Amino acid sequence: MANAEKVRLDKWLWAARFYKTRAIAKGAIEGGKVHYDGQRCKVSKTVDLGAMITLRQGFDEKIVEVKAISDQRRGAPEAQKLYEETAASIKKRMDEAERRRVMKSSMLIPDHKPNKKERRDMQRFRDQQDQDY
């Protein structure tokens, strides 16, 4: 790992493999999906050892502590050495994933796509409901 003294936040996130490109990392930071020590920050923020970074990716939110600084993108095993996710963050992500799984399994999913007759029936039903109000 190249220990560069000053590394921008977008470059560190890219090197740690949170985002595929620096442009995507920049967009996430500017969009407020990345917080540095609990506060929104700029793309050019210098990363320090021991800093806490909160990332939102899709449905998941990760809280990681910076363990090493690098400005080079390497393989995944080396990239994982740059940070450590907190135990509370892991537990929260797993709980949320389980909740989503349970909610998905309780939803009724049709076994087929509606055919033309069924679509007409649904449209008649909607039209009838609109007239009743």
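Since the structure is predicted, the reported quantities are computational estimates derived from the model, not experimental observations. Numbering of residues begins at 1 and proceeds along the displayed sequence.
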Measure up the Tyr83 and Phe18 rings against each other and bin them: parallel (under 30°), tilted (30 to 60°), perpendicular (over 60°).
tilted
Test of understanding: clusters of I, L, V, M, F, W, Y form through side-chain heavy atoms closer than 4.5 Å, transitively. Do Trp14 and Ile69 belong to the same one?
no
Side-chain donor-acceptor contact under 3.5 Å, His35 with Glu61:
no
Using 4.0 Å as the upper bound for N to carboxylate O, is an ion pair formed by Asp10 and Arg22?
yes
Show your working on salt bridge (Lys or Arg N to Asp or Glu O under 4.0 Å) between Glu98 and Arg101 and close with a plain yes or no.
CA-CA 5 Å; Glu98 179 65 21; Arg101 188 187 65 76; 2.5 Å; yes
Side chains of Gln123 and Asp127 only: does a donor on one sit below 3.5 Å from an acceptor on the other?
yes
Strictly distance-based, threshold 3.5 Å: is any side-chain N or O of Arg126 a donor or acceptor partner for the main-chain N or O of Asp121?
no
Which ILVMFWY residues are connected to Met94, directly or by a chain of links, through side-chain heavy atoms under 4.5 Å apart?
Ile90
Ile24, Val34: one ILVMFWY side-chain cluster at the under-4.5 Å cut-off?
yes
Arg40 side-chain N/O to Glu30 backbone N/O, donor-acceptor pair under 3.5 Å
yes
Would you call Lys67 and Glu65 a salt bridge, taking side-chain N to carboxylate O under 4.0 Å as the test?
yes
Using the rule that Ile, Leu, Val, Met, Phe, Trp and Tyr join whenever any side-chain heavy atoms are under 4.5 Å apart, tell me whether Ile63 and Trp12 fall into a single cluster.
no
Look at atom CD of Gln129 and say whether more than 12 heavy atoms of other residues, nucleotides or ligands are closer to it than 6.0 Å.
yes
Donor-acceptor under 3.5 Å (Asp37 side chain, Met52 main chain)
yes
